[in-house]
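Heads up, the thing below is written out as structure tokens.
These numbers come from the heavy atoms of this one structure, side chains and all, not from hydrogens, waters or symmetry mates.
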Amino acid sequence: MERSYLKTIIMYCIKELQGQRTIYSILHLLNGKKSSQTIQDAHLFQLTPLFRTFGSLSRDVLDQLAQEIVSKSWMTPTDEKHYILTSDGKEELERSLLECSIPSSLNGWLYHSAGDLFWERITLLIQVISHLNNNNVKYLPIQRKRDVHEWLKYFLRTSGFARNEVGSVLNRELCQCLERLSDINPAVLTLRLTGYNRIGLTAVQTSEQLGISHDYYHHQFLGAIHHILASVRENPDEYPLIDKLVSGTGNEVQLTLSAQKTYTLLKQGLDLDVIAKTRNLKKSTIEDHVVEVALNDSGFNITSYVSEKKQKLILQAANSADSLQLKQIRQMVPESDYFEIRLVMAKLGEGQ
């Protein structure tokens, strides 16, 4: 199968990584691997929108696509499993992104855990309300999970909206929200909705009806879902009904389990050496956790680990360096160590 859009995504990641990570770091990113390294790389190389947006991508498929890209002379190896784009590859990437751009609303990092549950809730709600409004109780629920059914029963009891109003209110809020989608056809969602005397299309059927590749459709679909979640998060008063659907879906990014344990000890005032000994882990692992905390907690103060003066020097070096390679930044600020550089880049460096 020709997977040109997925090749574009791989080439985009290669460009952003600048040859500093292996191609398998892309696999971990697109799969949404919850490791400190993948989480840090997503932020350091500004690839957070793509986090866990191709969760089923396999190593074999990635290898195959990478070889196809190499065979077209669009990228070339620099080291074992390290690649950079060629000049032809950069031109091809630019052309491909003009033809099929990455949705501007895509935000896998922030919404990967919330999107699936939100979609299950809203599709079941639309189906149930549609049949209730048409006095039909004989139908197979489109969602089978018991917890989604229990949520819907609770929602209908406590939403504050009359049952005969839910459909019109939801329609109004969805239309208002989707009208603000600048680069996605709302049909990527609406064609899949099931209601009274209407069976929604599958993802494959929808992509074929819209005349776009399955991979590109997948990102368009996620982009539309993420747009709704972001709109509600930013303006909950504009979407009071959808806000209730979003509630409890897990919008906030979670630390890895091990980092959570370290963070608990950090908040008790323990230093890194003590935490490493307490948890029977290497100090470098604890440092990974601190960097992860800095990425996730906007209120986390790193001054106790890196002085303000050194923070400024590291940021200045990062802004003037040819790449985001930590080794190059350290050469420019030799009085800092790699942990300090990673911590500053995690807290202050994204978008530099």
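- Between L17 and L47, the shortest heavy-atom distance links the atoms CD2-CD1, 4.1 Å.
- Considering only residues two or more places apart in sequence or on other chains, K310 meets the salt bridge (Lys or Arg N to Asp or Glu O under 4.0 Å) condition with E340.
- Between the side chains of D215 and S213, no donor N or O sits under 3.5 Å from an acceptor N or O.
- Looking at V246 and Y239, their side chains never come closer than 4.5 Å, going by heavy atoms from C-beta outward.
- The side chain to side chain donor-acceptor pair (under 3.5 Å) search around E165 returns none, not counting sequence neighbours.
- Separating the OG1 atom in T202 from the CD atom in Q209 is a distance of 10.5 Å, to the nearest 0.5 Å.
- Atom CG in D237 sits 8.0 Å away from atom CG in D243 (nearest 0.5 Å).
- Remark: Y5 pairs with H219 by the side chain to side chain donor-acceptor pair (under 3.5 Å) rule, at least two apart or across chains.
- In this structure, the side chains of Q40 and D288 come closer than 4.5 Å at one or more pairs of heavy atoms.
- Looking at Y263 and N296, their side chains never bring a donor and an acceptor atom within 3.5 Å of each other.
- Taking 4.5 Å as the limit, some side-chain heavy atom of L50 sits within range of a side-chain heavy atom of I102.
- Under a 3.5 Å cut-off, the side chain of N31 and the backbone N or O of G55 do form a donor-acceptor pair.
- If you take CG on D41 and CG on L29, they are separated by 8.5 Å, rounding to the nearest 0.5 Å.
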Inset, instruction - Show the numbers, then the answer: is there a side-chain contact (heavy atoms from CB on, under 4.5 Å) between R21 and F45? - result: CA-CA 10 Å; R21 297 290 186 272; F45 296 102; 3.9 Å; yes
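- Put simply, the side chain of T206 never gets that close to the backbone of R192: no donor and acceptor are under 3.5 Å apart.
- Under a hydrophobic-cluster definition in which Ile, Leu, Val, Met, Phe, Trp and Tyr are linked whenever side-chain heavy atoms come within less than 4.5 Å, directly or via other members, L97 and I26 are assigned to the same cluster.
- When the side chains of ILVMFWY residues are joined at heavy-atom separations under 4.5 Å, either directly or via intervening members, I199 and I129 end up in two distinct hydrophobic clusters.
- A pairwise comparison of heavy atoms in Q127 and L140 identifies NE2-O, 2.9 Å as the closest pair.
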Inset, instruction - Check the pair D60 / S58 against side-chain hydrogen bond (donor to acceptor under 3.5 Å, both in side chains), numbers first and verdict last. - result: CA-CA 5 Å; D60 288 343; S58 69; 5.4 Å; no
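- Nearest heavy atom pair, residue H82 against residue G19, reads CD2-O, 3.2 Å.
- Scored by the salt bridge (Lys or Arg N to Asp or Glu O under 4.0 Å) test, E150 finds K153 as partners (sequence neighbours excluded).
- Remark: the backbone N or O of T303 is paired with a side-chain donor or acceptor of N301 at under 3.5 angstrom.
- Counting all heavy atoms, side chain and backbone alike, Q260 lies closest to L255 at NE2-O, 2.9 Å.
- Within the 3.5 Å criterion, the main-chain N or O of C177 finds a donor-acceptor partner in the side chain of H227.
- Of the inter-residue distances, the one linking K72 atom NZ with K7 atom NZ reads 5.5 Å to the nearest 0.5 angstrom.
- Although no hydrogens or angles enter the test, the distance criterion places no donor-acceptor pair under 3.5 Å between the side chain of S247 and the main chain of K244.
- Of all heavy-atom pairs spanning T53 and G108, the tightest one is CG2-CA, 4.1 Å.
- Connection of Y139 to L193 is established within a shared hydrophobic cluster, with ILVMFWY side chains joined at heavy-atom distances below 4.5 Å, either directly or through further cluster members.
- The shortest distance between side-chain heavy atoms of I286 and L281 falls below 4.5 Å.
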Inset, instruction - Could you go through the salt bridge (Lys or Arg N to Asp or Glu O under 4.0 Å) check for E335 and K309 one step at a time? - result: CA-CA 11 Å; E335 62 270 33; K309 179 182 178 181; over 6 Å; no
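- Under the 3.5 Å distance criterion, the side-chain polar atoms of D116 are left unmatched by any main-chain donor or acceptor of H112.
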Inset, instruction - Could you give me the CA-CA distance, side-chain angles and deciding distance for T38 and F51, then say whether side-chain contact (heavy atoms from CB on, under 4.5 Å) is met? - result: CA-CA 9 Å; T38 300; F51 187 83; 4.1 Å; yes
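- A donor-acceptor pair is defined here as one N or O able to donate and one able to accept, closer than 3.5 Å; no such pair exists between the side chain of H43 and the backbone of A346.
- Under the 4.5 Å side-chain criterion, counting only non-hydrogen atoms from C-beta, W119 is in contact with F221.
- Partner of L178 under the side chain to side chain contact (heavy atoms under 4.5 Å, CB included) criterion, out of N185, V188, I184, L189: L189 alone.
- Separating the NZ atom in K261 from the CD1 atom in I275 is a distance of 14.0 Å, to the nearest 0.5 Å.
- With hydrogens and angles ignored, the 3.5 Å screen pairs no side-chain donor or acceptor of S159 with any backbone N or O of L156.
- No donor-acceptor pair closer than 3.5 Å links the side chain of R121 to the backbone N or O of V148.
- Counting heavy atoms of neighbouring residues, nucleotides and ligands inside a 6.0 Å radius, atom CZ of R198 exceeds 12 of them.
- Sorted by first and then second residue, the salt bridge (Lys or Arg N to Asp or Glu O under 4.0 Å) pairs with a member in residues 85-103 read E92-R95, R95-E99; sequence neighbours excluded.
- Checking side-chain atoms of D183 against main-chain N and O of S104 turns up a donor-acceptor pair under 3.5 Å.
- E120 pairs with exactly one of Q143, H149, K145 by the side-chain hydrogen bond (donor to acceptor under 3.5 Å, both in side chains) rule, that one being K145.
- The side chain to side chain donor-acceptor pair (under 3.5 Å) test applied to H289 returns S258, T262, not counting sequence neighbours.
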Inset, instruction - Please assess F161 against L170 for the test side-chain contact (heavy atoms from CB on, under 4.5 Å), listing each intermediate value before the final yes or no. - result: CA-CA 10 Å; F161 297 93; L170 181 57; over 6 Å; no
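- Classification of the W151-F155 ring pair by plane angle, with boundaries at 30° and 60°, yields parallel.
- The closest side-chain donor-acceptor pair between D63 and Y24 falls under 3.5 angstrom.
- From I9, atom CD1 reaches atom OG of S4 across 10.5 Å, with rounding to the nearest 0.5 Å.
- A 4.5 Å side-chain heavy-atom check between L125 and L241 finds at least one atom pair inside the cut-off.
- Note on I10 and I84: separate hydrophobic clusters, where clusters join Ile, Leu, Val, Met, Phe, Trp and Tyr whose side-chain heavy atoms are under 4.5 Å apart, directly or indirectly.
- In terms of hydrophobic clustering, with Ile, Leu, Val, Met, Phe, Trp and Tyr side chains grouped at heavy-atom distances under 4.5 Å, Y12 and M75 are assigned to a common cluster.
- A heavy-atom distance below 4.5 Å is found between the side chains of L27 and R59.
- Counting heavy atoms from C-beta outward, V291 and F339 have side chains that approach closer than 4.5 Å.
- The environment of CZ in R144 is sparse: at most 12 heavy-atom neighbours from other residues, nucleotides or ligands sit within 6.0 Å.
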Legend entry - Verdict with supporting geometry, L93 and W74, side-chain contact (heavy atoms from CB on, under 4.5 Å): CA-CA 9 Å; L93 176 61; W74 290 339; over 6 Å; no
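- Scanning all heavy atoms of the two residues, the minimum distance from T256 to E292 falls at N-OE2, 2.7 Å.
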